Amino acid sequence: MAICHVLLLDGSEFEISIEKKTSGQELVDNVCMHLNLLEKDYFSCSYRENDSKLWLNNNKRISKQLKNEPYMFTFEVKFYPPEPRTLQEDITRYQLCLQIRRDILTGKLPCSFVTQALLGSYTAQAELGDYINEEHGLGTNYIKDFRFAPNQTDELLEKIAELHRIHR
């Protein structure tokens, strides 16, 4: 048996014991089952080797791809859907949102102020649900602890809150 540590898109870690003959697909299936993720074709696990990011080959045994235990993986979006509106499950859209958010925060995906505000408002909607005046108030205090952009400003938070108010 070997231990796998998988960093999930929400920043939490999933730990699983696997057999030496476990394939990459079996690991991805277990992570998706843990997340209740049915639309799993868009996701996979990556790992780092010699400062390079590599994708886990789902058809090969994990033990043939990685040499050192415990195995460390990152669960990520590997393929973006061509039309996100066609996704059936909220959890799939949520995981895609988390990936995009991470890519924006790390600078991997640069975007304009308007796009950051819109995506931030979608994140607020996904994390907090519908805007409720009595619960969230009129200002931006309810979202001040979220990180939406690498160089976040008060102006951005105000725009995110304004857009979040209109989502349903």
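Please read all numbers here as calculations on a predicted model, not as lab measurements.
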Cluster check [X], [Y]: I/L/V/M/F/W/Y, side chain < 4.5 angstrom:
X	Y	result
L98	V77	yes
L109	Y42	yes
I91	V28	no
L54	L66	yes
Y80	L37	yes

Under 4.5 Å between any side-chain heavy atoms of [X] and [Y], yes or no?
X	Y	result
Y71	H5	no
L87	E39	yes
N59	S23	no
F148	I104	no
I143	L128	yes
V6	E13	no
I16	I18	yes
H34	V31	no

_Run K20 and E69 through salt bridge (charged side-chain N to carboxylate O under 4.0 Å, His left out) and show every step you take._
CA-CA 11 Å; K20 295 284 186 187; E69 294 180 33; 2.2 Å; yes
Check this for me: [X], atom [atom1], are more than 12 non-hydrogen atoms of other residues, nucleotides or ligands nearer than 6.0 Å?
X	atom1	result
D41	CG	no
K53	NZ	yes
D154	CG	no

Quick check: closest heavy atoms across [X] and [Y], and the distance to 0.1 Å?
X	Y	value
F73	I62	CZ-CG2, 3.8 Å
C32	K40	SG-CB, 3.3 Å
L8	L35	CD1-CD2, 3.9 Å
I3	S17	CD1-OG, 3.3 Å
A161	G139	CB-O, 4.2 Å
S44	N58	OG-OD1, 3.7 Å

Does the side chain of [X] come under 3.5 Å of the side chain of [Y] through a donor N or O and an acceptor N or O?
X	Y	answer
S12	D10	yes
E89	Y94	no
N30	E26	no
N57	Q65	no
H164	Y122	no
E76	S46	yes

_Check: F43 ring centroid to F75 ring centroid under 6.0 Å_ =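 Ring centroids of F43 and F75 are less than 6.0 Å from each other.
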Between the main-chain N or O of [Y] and the side-chain N or O of [X], is there a donor-acceptor pair closer than 3.5 Å?
X	Y	result
Q88	T86	yes
Q152	F146	yes
R48	D51	yes

*Start with the C-alpha gap between S121 and L118, add the side-chain angles, then the distance that decides, and say whether side chain to side chain contact (heavy atoms under 4.5 Å, CB included) holds.*
CA-CA 5 Å; S121 71; L118 184 60; 4.0 Å; yes
*Please lay out, stage by stage, how I160 and L156 fare under the test side chain to side chain contact (heavy atoms under 4.5 Å, CB included).*
CA-CA 6 Å; I160 290 169; L156 178 63; 3.8 Å; yes
*Got a second to check how far L105's CG is from R147's CZ, nearest 0.5 Å?*
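That separation rounds to 4.5 Å.
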*Which distance, rounded to the nearest 0.5 Å, do you find between the SG of C111 and the CG of D103?*
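Here the interatomic distance stands at 10.5 Å.
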*Please work out whether the ring planes of H136 and Y142 are parallel, tilted or perpendicular, with thresholds of 30° and 60°.*
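The rings of H136 and Y142 sit tilted, inter-plane angle from 30° to 60°.
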*Going through the distances and angles, do W55 and K78 end up as a side chain to side chain contact (heavy atoms under 4.5 Å, CB included)?*
CA-CA 8 Å; W55 288 102; K78 187 171 183 180; 3.8 Å; yes
_Using a strict threshold of under 4.0 Å (side-chain N to carboxylate O), is an ion pair present between E127 and R101?_
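Salt bridge between R101 and E127, a charged N being under 4.0 Å from a carboxylate O: yes.
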*Which is it for T92 and Q95 under the side chain to side chain contact (heavy atoms under 4.5 Å, CB included) test, yes or no, and what are the steps along the way?*
CA-CA 5 Å; T92 308; Q95 294 295 323; 5.9 Å; no
